Protein chains: 2
Amino acid sequence: MDFVVEHLKDHGIRPSVQRVAIMRYLMEHCSHPTVDDIYRDLHAMMPTLSRTTVYNTLSLLEGKDALSVLTIDSRNVHYDGDVKPHAHFMCRECRRIFDVPLAGTGLNGSPATPDGFKVEHTHLYYDGLCDRCREEEDAALAKETYFI
Amino acid sequence: MDFVVEHLKDHGIRPSVQRVAIMRYLMEHCSHPTVDDIYRDLHAMMPTLSRTTVYNTLSLLEGKDALSVLTIDSRNVHYDGDVKPHAHFMCRECRRIFDVPLAGTGLNGSPATPDGFKVEHTHLYYDGLCDRCREEEDAALAKETYFI
DNA sequence: TTGTAATTTTGTAACGATTTCAAATTTATA
DNA sequence: TATAAATTTGAAATCGTTACAAAATTACAA
């Protein structure tokens, strides 16, 4: 069976054409797309797809834990079809989001939440500058210093 | 000197009346307020304060690292005047945000980001159910089971 | 099959958070 | 005191998201 359909069924979601298309998009793109990225790309291939369906489907998938919601970017929610534990890094300049392996962070699964709290998800985010934007900033700073 | 004014100066920010009021609000409220929380409460005391000033000031404070921006909630950005390292938990039901000590999480400061990346901030978020909402959900589930 | 109910999708309109922008005000400086 | 620079303000515009009711599709029972 198609791995996307299987993934949906595993999470108790009936695999409609639209749901499969959206889930497949997420599983085949590791770019952490926004709602608009998903809508634009899929709409080009399925002209009848509506923005509302993308919103509806993403929140359905979220509720069934079939995807991961990234809130690292305050401007846009991003989605990740890879639900295996990993961290993320966002560049404050180009705003691209990168996967970061958890290995090395030391993170383990037991936060000191108050008694009675039920932890369902953990998100580890980093932000700063990616290599490319860091070079640009360094160059700009050097130039600035030169002219002072 | 007033600790709020001092905090602003330490971060290279000129302490205008509005900036001090907003920074003080953040430092005296550990409730992780939204822009609207801040505006509503301060506007009641300073009727001339505008929403735009709250937005402007918060992004100025953010750029100077005088506060911490919490993106844990996809619906609203929250702000934290406490810039000492700590994690956060958001209840998916009541959407309240709680501070969580880092001790016990094992987190250390060296993620395996690609070469050349500059990590500037780390955010550790948990979500799930708080004690109060968990009890309510358990009660609702018990009732449901009973009637089936 | 056929009819009926349940589910899903769609498009429009409304909503709410945030940004833009230019004018007004305040503060710093010569 | 005059002038420039910085800051604040309010209105309008923008953009992401939600609400909602109609249309289309799918599931199921007769």
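Every value quoted in this text rests on a predicted model; they were computed, and no experiment measured them. Letters go in sequence order (proteins before strands), and every chain restarts at 1.
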Peer 1: Side chain of A/Thr57: nearest nucleotide among D/dT8, C/dT9, C/dT10?
Peer 2: C/dT9
Peer 1: Which part of the nucleic acid, if any, lies within contact of A/Ser16, taking any heavy atom under 4.0 Å across all strands shown: a base, the sugar-phosphate backbone alone, or nothing?
Peer 2: sugar-phosphate
Peer 1: Assign each of B/Asn76 and B/Val17 to its nearest nucleotide of DNA chain C by heavy atoms, then name whichever residue's nucleotide is nearer the 5' end.
Peer 2: B/Asn76
Peer 1: With rounding to the nearest 0.5 Å, note down the distance linking CG in B/Asp127 to NZ in A/Lys118.
Peer 2: 11.5 Å
Peer 1: Rounded to whole angstrom units, what separation is found between the CG atom of B/Asp36 and the P atom of C/dG16?
Peer 2: 10 Å
Peer 1: Please give, in whole Å, the distance from D/dT7 P to B/Leu49 CG?
Peer 2: 16 Å
Peer 1: Tell me the interatomic distance from B/Leu42, atom CG, to D/dT8, atom C1', rounded to whole angstroms.
Peer 2: 15 Å
Peer 1: The side chain of B/Thr52 lies closest to which of these nucleotides: C/dA17, D/dT17, C/dT20?
Peer 2: C/dT20
Peer 1: Using atom CZ of A/Arg19 as one end and atom C1' of D/dT25 as the other, report the distance to the nearest whole Å.
Peer 2: 12 Å
Peer 1: Under 6.0 Å between ring centres: does that hold for B/Tyr125 and B/Phe89?
Peer 2: no
Peer 1: Rounded to whole angstrom units, what separation is found between the CD1 atom of B/Ile13 and the C1' atom of C/dT27?
Peer 2: 17 Å
Peer 1: Taking only N and O in the side chain of A/Gln18, is any of them less than 4.0 Å away from OP1 or OP2 of D/dT25?
Peer 2: no
Peer 1: For a quick check of understanding: with a heavy-atom distance under 4.0 Å over all strands, which category does A/Thr48 fall into, base, sugar-phosphate or nothing?
Peer 2: sugar-phosphate
Peer 1: Atom CG of B/Leu8 to atom C1' of D/dA6: distance rounded to whole Å?
Peer 2: 16 Å
Peer 1: Answer yes or no: is there a donor N or O on one side and an acceptor on the other, between the side chain of B/His86 and the main chain of B/Val100, under 3.5 Å?
Peer 2: no
Peer 1: Specify the separation, in whole Å, of atom CG of A/Leu61 and atom P of C/dT9.
Peer 2: 10 Å
Peer 1: Report yes if a side-chain nitrogen or oxygen of B/Arg14 is closer than 4.0 Å to either non-bridging phosphate oxygen (OP1 or OP2) of D/dT7; otherwise report no.
Peer 2: yes
Peer 1: I want to verify a distance call: between C/dA17, C/dT9, D/dT8, whose nearest atom is closest to the B/Tyr55 side chain?
Peer 2: C/dA17
Peer 1: With distance as the sole test, does A/Thr71 use its side chain to make a donor-acceptor pair with the main-chain N or O of B/Thr71 at under 3.5 Å?
Peer 2: yes
Peer 1: By nearest heavy atom, map B/His43 and A/Arg51 onto DNA chain D; which one lands nearer the 5' end?
Peer 2: B/His43
Peer 1: Apply the test salt bridge (Lys or Arg N to Asp or Glu O under 4.0 Å) to residues A/Asp2 and A/Arg24: give CA-CA distance (whole Å), side-chain angles for both, the deciding distance (0.1 Å), then the verdict.
Peer 2: CA-CA 10 Å; A/Asp2 177 37; A/Arg24 186 182 309 283; 2.6 Å; yes
Peer 1: Roughly how many Å is it from CG in A/Leu58 to P in C/dT9, rounded to a whole number?
Peer 2: 12 Å
Peer 1: Look at the side-chain N and O atoms of A/Ser50 and state whether any lies under 4.0 Å from the OP1 or OP2 oxygen of C/dT9.
Peer 2: no
